[in-house]
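By convention here, the first residue in the shown sequence is residue 1.
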Amino acid sequence: MFSCFLALTALASPPDVTTGPLASPQEVAAINRKWRGLGFGADGGTLGRGTGYGIRLDVPFGRRAGQFFGARLRGLAVSSADPVVWMGGISLFGRGPVLLGILRVVGGGGLLVGVDAQGEPALGGGGHYGIEVRLAPRTALSVEFGSQGGRGVLDVVRGPSVRAGVMVYLGALGQGA
């Protein structure tokens with residue numbers, strides 16, 4: 001009978017569940033200062049009919065506007081049934097503030113230039129949107145969905161893309177951050 005009483009008591013007052021502390025307004029402001037600067041990273045995933053791995057460099061447009069706008073330089077190696085295609089690209093991006101110090105929305109698009117193993121060049125382009133989730137004060141996990149098109153050697157990347165990667169931000173260095 002005593003065990004029935006304990007079971008009913010547990011149902012009547014569920015245990016207090018803690019999900020972790022939220023970032024304070026000062027911590028959110030500090031993370032946004034760090035994430036508005038220069039960023040570099042690596043990513044991988046599908047690109048059309050191929051699988052690609054790459055590096056990227058995000059260059060913000062100034063100290064204030066750079067939190068929201070900039071240019072991305074990237075290098076990619078894409079493999080499929082054909083030989084590896086080497087690509088480079090430049091795109092413009094937009095991004096929101098880091099909400100609650102946890103995540104932000106990103107998006108952009110631009111040009112791709114590719115060269116296959118025989119040196120045949122091609123031009124293409126595409127766009128993406130996604131989110132970045134904070135792993136550490138200067139580090140984010142990124143997931144991006146998009147699509148791109150191209151002709152010639154870039155025909156392999158024509159279609160949808162799903163990519164995941166890591167970004168490291170160098171903003172607010174030497175400012176006590």
Side-chain angles (χ1 to χ4, degrees), residues 16-48 50-79 84-115 124-148 157 159-177:
D16 188 23
V17 177
T18 304
T19 58
L22 290 175
S24 71
Q26 296 81 12
E27 291 171 319
V28 171
I31 290 166
N32 274 289
R33 278 193 308 275
K34 292 171 187 172
W35 284 30
R36 76 169 47 130
L38 189 70
F40 66 92
D43 61 6
T46 63
L47 279 164
T51 302
Y53 301 95
I55 57 173
R56 56 190 179 182
L57 176 68
D58 285 0
V59 181
F61 291 155
R63 189 171 180 174
R64 294 277 181 209
Q67 180 173 353
F68 305 106
F69 304 103
R72 174 175 285 174
L73 306 172
R74 69 180 318 143
L76 292 163
V78 180
S79 61
V84 173
V85 176
W86 298 94
M87 298 188 319
I90 184 167
S91 60
L92 299 177
F93 66 78
R95 56 191 183 190
V98 184
L99 302 172
L100 300 174
I102 300 170
L103 64 90
R104 73 171 164 195
V105 178
V106 297
L111 296 174
L112 294 171
V113 177
V115 178
H128 71 277
Y129 65 92
I131 61 170
E132 292 180 336
V133 180
R134 185 181 89 167
L135 296 176
R138 293 188 183 277
T139 308
L141 172 67
S142 67
V143 178
E144 296 175 352
F145 305 92
S147 182
Q148 59 283 323
V157 301
S161 65
V162 179
R163 306 185 57 71
V166 174
M167 286 295 291
V168 176
Y169 290 100
L170 303 177
L173 286 176
Q175 300 175 13

Could you check whether any side-chain heavy atom of P97 comes within less than 4.5 Å of a side-chain heavy atom of F68, counting everything from C-beta outward?
yes
Between G39 and M167, the two heavy atoms sitting closest are C-CE, 3.8 Å
Anything under 3.5 Å between a donor and an acceptor, one on a side chain of residues 107-115, the other on a protein residue two or more places apart or in another chain? List them.
none

Counting heavy atoms not belonging to Y129, are there more than 12 under 6.0 Å from its OH?
no
Mind checking side-chain hydrogen bond (donor to acceptor under 3.5 Å, both in side chains) for D43 and listing every partner two or more places apart, or none if nothing turns up?
R56, R74, R163
Once salt bridge (charged side-chain N to carboxylate O under 4.0 Å, His left out) is applied, do any residues pair with R104, and if so which ones, sequence neighbours excluded?
E132
Please examine the side chains of L103 and V98, heavy atoms only from C-beta on, and report whether any two atoms are closer than 4.5 Å.
no
Just jot down the side-chain contact (heavy atoms from CB on, under 4.5 Å) partners of P160, sequence neighbours excluded, or say none.
none
Below 4.5 Å, heavy atoms only, C-beta onward: do S161 and Q148 meet side chain to side chain?
yes
Got a sec: does the CG of L135 have more than 12 other heavy atoms crowding it under 6.0 Å?
yes
Looking at every heavy atom in both G37 and Y169, which two are closest together, and how far apart are they?
O-CD2, 3.8 Å
Any residue meeting side-chain contact (heavy atoms from CB on, under 4.5 Å) with T46, in chain and number order, not counting sequence neighbours:
V162
Could you tell me if the side chain of L76 sits less than 4.5 Å from the side chain of L47, heavy atoms only?
yes
For R72, the side-chain hydrogen bond (donor to acceptor under 3.5 Å, both in side chains) test, sequence neighbours excluded, returns D58, E144
Could you tell me the separation between the CD1 atom of I131 and the CD1 atom of I102, rounded to the nearest 0.5 Å?
11.5 Å
Could you go step by step and tell me if T51 and V78 meet the side-chain contact (heavy atoms from CB on, under 4.5 Å) rule?
CA-CA 5 Å; T51 302; V78 180; over 6 Å; no
Correct closest heavy-atom pair for G101 and V28 would be N-CG2, 3.6 Å
Tightest non-hydrogen contact, residues F69 and G94, listed as CD2-CA, 4.4 Å
Check whether any side-chain N or O of R138 sits under 3.5 Å from a backbone N or O of G171 as a donor-acceptor pair, and report yes or no.
yes
Would a 4.5 Å heavy-atom cut-off, applied to side chains only, mark W35 and R134 as touching?
yes
